[in-house]
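Fair warning: this is a prediction, and the values are worked out from it, not measured in the lab.
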Amino acid sequence: RGGQLETLPTPSSLNPIRHSRREMDGYSVENVAIEALPGFFVTGNLYLPLDRGQSLAGILAPHGHMQNKRRVHFTQYRCAAMARMGAAVFAWDMLGYGESTHCSHKHPQAFRLQTYSSLRAVDFILSLEGVDPDRLAVTGASGGGTQSFILAAVDPRIDVAAPVVQVSAHFYGGCVCESGMPIHVHGDFETNNVEIAASFAPKPLLLVSNGQDWTSNTPEVEFPFVKKIYRLLGAEENVENAHFPDEGHDYGPSKRAAVYRFFARHLDLNLDQIEDASGKIDESMITILKPDELAVFNDAHPRPSHAVEDCDAAVRLLDGS
């Protein structure tokens, strides 16, 4: 059954490319590419705390549908803040965006290829010195929220998940990079994103929702269902919903604050690193870099000559052909 996650190649060497490390206030950021498949590069940024301590949590930070979203200010805020709290954080480009425009997010196999890239992102973060394999998390908004609950569902290494503004019983993403293959309806099989997210039980799960998109019903519809699944497993205390009825489809300050506090509890992170004297979340110490500064490949660091330049070639590698 070609095209499924059951038929994956033996993982190849990631051959990470890392450069342009900068030290900021309490954290560092560098430009990174990993070779998810031979010649197929996943581009991103790695955020690390300057005070490394004895061990680090690992946090995966996928993004949604927007050019340069891996490099926009709100992604930088959450990655840098969580690094200050004591985590290694990896944000990477989704297919068709940022430095991955050579491979379209509308390709029929985009969902499978993108999810495989997420699995390799977990491999990368676990390869870093000091990362605790028992403290791994994933969080992203919109399409990044889809990748968050999908990765949590298929990769047992993920310990905590916080999909933001995406878990809905009636909207699945509207893109083959989120619901292709298809993953919701096939033959006599049918499911939805709520059931997929609930399959993460009994591990800690935070659903973040708002009043102005398809997650507006979460407190009354999706969350009670997921909570019931957790209750059946005796883990009701591990699932929460942070709902913002007056907000829209974003990963804004209030949503980030909810995730910071949830991760601090479940990943043993130091919330004091991003709180002011009154206990409010303070991101003012974070430096927002220009998108070009966070680019992996440029004139000084060109894309390797053996790079795969289209989705079809990458899929053939994924199929082992």
Quick check for you: to the nearest 0.5 Å, what is the distance between [X] atom [atom1] and [Y] atom [atom2]?
X	Y	atom1	atom2	answer
His105	Cys175	NE2	SG	4.5 Å
His107	Asp310	NE2	CG	7.5 Å
Cys79	Leu46	SG	CG	9.5 Å

task: Any pair with a residue in residues 218-255 that passes ring pair (Phe, Tyr, Trp, His ring centres under 6.0 Å), sequence neighbours left out, goes on the list, sorted by first then second residue, please.
output: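 Matches after skipping sequence neighbours: Trp214-His249.
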query: When you check the gap from the basic side-chain N to the acidic O, do Arg261 and Glu275 get nearer than 4.0 Å?
result: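 Looking at Arg261 and Glu275, the cut-off is met.
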- prompt: Ion pair present between Asp123 and Arg157, side-chain N to carboxylate O less than 4.0 angstrom?
  reply: yes
query: Trp92 vs Phe90 aromatic rings, parallel, tilted or perpendicular, using cut-offs 30° and 60°?
result: parallel
Side chain to side chain donor-acceptor pair (under 3.5 Å) between Gln147 and Ser118, worked out: CA-CA 8 Å; Gln147 273 297 295; Ser118 296; 2.5 Å; yes
How about [X] and [Y]: does a side-chain donor come under 3.5 Å of a side-chain acceptor?
X	Y	value
Glu35	Asn15	yes
Thr139	Arg78	no
Asn241	Thr218	no

message: With a 4.5 Å cut-off on side-chain heavy-atom distances among I, L, V, M, F, W and Y, is there a chain of contacts connecting Phe41 to Ile34?
response: no
task: With the side chain counted from C-beta on, respond yes when Phe171 and Asn193 share a heavy-atom pair under 4.5 Å apart, and no when they do not.
output: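 No, their side chains stay 4.5 Å or more apart.
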Partner of Asn31 by side chain to side chain contact (heavy atoms under 4.5 Å, CB included), out of Arg22, Glu99, His301: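 Single pass found, and it is Arg22.
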